[in-house]
There are 2 protein chains.
Amino acid sequence: MTMNTDTGPLNDLSVVKSVSLTSALEKELERLILTGELEPGARINEIHLSNRFGTSRGPIREATRSLEAKGLVEVVRNRGVFVRRLTVEDAIEIYDVRAALFGQAGRLLAERMTDELLVELTRLVDRMDMVADQGSFDEYYPLNLAFHNLIVTSCGNRTLAAEYHRFVNKLHLFRARALVQGGGLAVSNREHRAMLEALASGDGDRAQMTHWRHVALAKRRLIAAGSGGASRND
Amino acid sequence: MTMNTDTGPLNDLSVVKSVSLTSALEKELERLILTGELEPGARINEIHLSNRFGTSRGPIREATRSLEAKGLVEVVRNRGVFVRRLTVEDAIEIYDVRAALFGQAGRLLAERMTDELLVELTRLVDRMDMVADQGSFDEYYPLNLAFHNLIVTSCGNRTLAAEYHRFVNKLHLFRARALVQGGGLAVSNREHRAMLEALASGDGDRAQMTHWRHVALAKRRLIAAGSGGASRND
DNA sequence: TCGCCCCATTTTGTTGACAGTTGTCAATAA
DNA sequence: TTATTGACAACTGTCAACAAAATGGGGCGA
């Protein structure tokens, strides 16, 4: 059982009154899941949670039903709810969806590009090149994340952005999560430069293609890495 | 209030025991929303529903929280839940997401195309041409729906298919729903033929482009029709 | 007549309790 | 030793009741 009884997260919950208890619980549960504190496959015990958060089971059940609809947990009747476990096949499917959404975001962004944004994006890619030379993955990863987030949130389509983030989050449920983050840093950043050029040109077709390809290649790297060693999906 | 007290749908609910009451209620509520029996903006009264379905409020609350996560209803604290109302801007955003997903489906399908599927798809397009000549929209619409569904469900990516359908469903919440279905029948079917050719060629790039463009053009038709007359989104 | 305040009613938020189901473990028999 | 059975414990599914908030209407005063 991965439950602890510290009261840390509890404060955030008790303070709020403007927002419903259910949604606060949902946010907290989502955090626990995405950070891995609740591991994929783990069972979510309603009584334990209600004790931990000092509420009854009702709001917790509502929160888990919401998380089920979002695809983060699985509800089995008379058995309980479990943190969803993604297979390699699931992860690959998600990559295709991600590629489609990210490509569309690139297209939209190319058609509404600004100089400031181009400067900001270029700076991120430059810094990624720097840390990639040093092979420092720990520094590369957050920059990479910021780069992608900036593109998606700037494309002007909030629906698309929300969906994109939902699927990126879902990848956290993938057991062999290290594979997702792997891949050549320098190679990946060369793709970033191609994306930048397409965005700067204002050519929507080209931007969509480069952005789509970036995720598609990441998927390829995932498959290649997966078929090598840790391909078990039990 | 659009509630009636007939016991028709109730039977389906009481019979089942293997599936939870919550998910049965959720399905029924989703049906009521998508068919328009519960109109966009309508308030969902927990007590009324619990009386109507003969349950307590608990399962109904869980079902509505799930529908909220799916984007079909909106929950306002201490006020209740309302059937979500889509603005024109929302609908346009959804079209972009749909285009991205449909394009990806086209690409995937092109790479795993079979002769039988091509025959089946061609038959649908042929029949659409027939009824389009007669200007019979009532016959065209279900054929068109079947055509798109067949493509998406055959692409081999269940995650993508589920997302696509989720967004198509959400379009039912758009007030000026007639606009969504509008557009030239013959024009639209000409795009279908281009998609067929791309699928038959097995060229993923080309298939993605033709499929993406098909939805993008539908979006354009929506915008054109919307800016003309019924552009109010109150 | 118009605007504001107060109170009753309605509705939601949350809780605790009970019933039914699942999983476990020990005792028994082969 | 191993398989089976029965009882117990833990947990989920559902419900009814209480508390808090919002809605609506009537009365009062300007």
Side-chain angles (χ1 to χ4, degrees), chain A residues 1-3 5 9-29 32-33 38 41-69 72-84, chain B residues 1-3 5 9-29 32-33 38 41-69 72-84:
Chain A
M1 195 65 52
T2 55
M3 308 246 175
T5 53
L10 250 168
N11 299 331
D12 301 355
L13 266 60
S14 48
V15 167
V16 288
K17 268 289 181 276
S18 60
V19 80
S20 77
L21 182 54
T22 296
S23 62
L25 281 170
E26 183 187 339
K27 273 216 183 75
E28 177 61 11
L29 281 177
L32 290 176
I33 292 173
L38 286 171
R43 175 142 166 281
I44 294 181
N45 187 311
E46 296 176 0
I47 296 179
H48 287 177
L49 280 181
S50 62
N51 288 338
R52 174 172 177 181
F53 294 127
T55 71
S56 70
R57 284 169 49 219
I60 289 179
R61 284 179 65 87
E62 291 175 15
T64 54
R65 290 315 182 280
S66 186
L67 290 176
E68 183 195 21
L72 290 183
V73 303
E74 204 166 354
V75 176
V76 184
R77 182 180 159 91
N78 287 330
R79 295 274 310 269
V81 326
F82 302 83
V83 179
R84 184 133 178 236
Chain B
M1 196 62 51
T2 55
M3 309 247 174
T5 53
L10 252 167
N11 300 331
D12 301 352
L13 267 59
S14 47
V15 168
V16 289
K17 269 289 183 280
S18 61
V19 80
S20 78
L21 182 55
T22 296
S23 62
L25 280 169
E26 183 188 340
K27 274 216 183 75
E28 177 62 11
L29 281 178
L32 290 176
I33 292 173
L38 286 172
R43 176 144 162 281
I44 294 181
N45 187 311
E46 296 176 0
I47 298 179
H48 287 178
L49 281 181
S50 62
N51 289 337
R52 175 172 176 180
F53 294 125
T55 70
S56 72
R57 285 169 48 219
I60 288 178
R61 283 179 66 87
E62 291 177 14
T64 53
R65 290 316 182 278
S66 186
L67 290 176
E68 182 195 21
L72 290 184
V73 303
E74 205 166 354
V75 176
V76 184
R77 181 180 159 91
N78 288 327
R79 296 275 308 271
V81 328
F82 303 82
V83 179
R84 186 135 176 234

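Protein chains get the first letters and strands the later ones, always in sequence-line order, with residue 1 at the start of each.
Mapping A/Arg57 and B/Val75 onto DNA chain C via the closest heavy atom, the residue that lands nearer the 5' end is B/Val75. Between A/Thr22 and A/Asn78, the residue anchored closer to the 5' end of DNA chain C is A/Thr22, taking for each the nucleotide with the nearest heavy atom.
Atom-to-atom, CD of B/Glu62 to P of C/dT12 comes out at 16 Å; the value is rounded to the nearest Å. Residue A/Glu46 contributes atom CD, which lies 17 Å from atom P of C/dT21 at whole-angstrom precision. Taking atom CD of B/Glu26 as the reference point, atom P of D/dT14 lies 13 Å away to the nearest angstrom. In this structure, NE2 of B/His48 is placed 13 Å from C1' of C/dT9, rounded to the nearest angstrom. In this structure, the CZ atom of A/Arg79 is 13 Å from the C1' atom of C/dT24, given to the nearest Å. The separation between B/Ile47 atom CD1 and C/dT11 atom C1' is 5 Å, rounded to whole Å. Here the P atom of nucleotide C/dT12 and the CD atom of B/Glu74 are 15 Å apart, to the nearest Å. In this structure, CG of A/Asn51 is placed 13 Å from P of D/dA10, rounded to the nearest angstrom.
Counting heavy atoms from C-beta outward, A/Val76 and A/Val81 have side chains that stay 4.5 Å or more apart. In this structure, B/Leu38 and B/Leu29 have side chains that are in contact, with non-hydrogen atoms separated by less than 4.5 Å.
The backbone N or O of A/Ser20 lies less than 3.5 Å from a partner atom in the side chain of A/Ser23, making a donor-acceptor pair. Using a distance-only test at 3.5 Å, with no hydrogens or angles considered, a donor-acceptor pair links the side chain of B/Ser50 to the main chain of B/Ile47.
Residue contacts for B/Gly58: at a heavy-atom cut-off of 4.0 Å it reaches no nucleic acid atom on any strand shown.
Applying the 4.0 Å criterion to OP1 and OP2 of C/dT12, one finds that B/Asn45 has a side-chain N or O inside that range. Dashed line: the shortest gap from a side-chain N or O of A/Arg43 to OP1 or OP2 of D/dT12 is under 4.0 Å. Contact annotation: A/Arg61 reaches the phosphate of D/dG13 (side-chain N/O to OP1 or OP2, under 4.0 Å).
Here the nucleotide nearest the side chain of B/Thr55, chosen from C/dG13, D/dC15, D/dG13, is D/dC15.
Take B/Arg65 and apply the salt bridge (charged side-chain N to carboxylate O under 4.0 Å, His left out) test, not counting sequence neighbours, and it matches A/Glu62.
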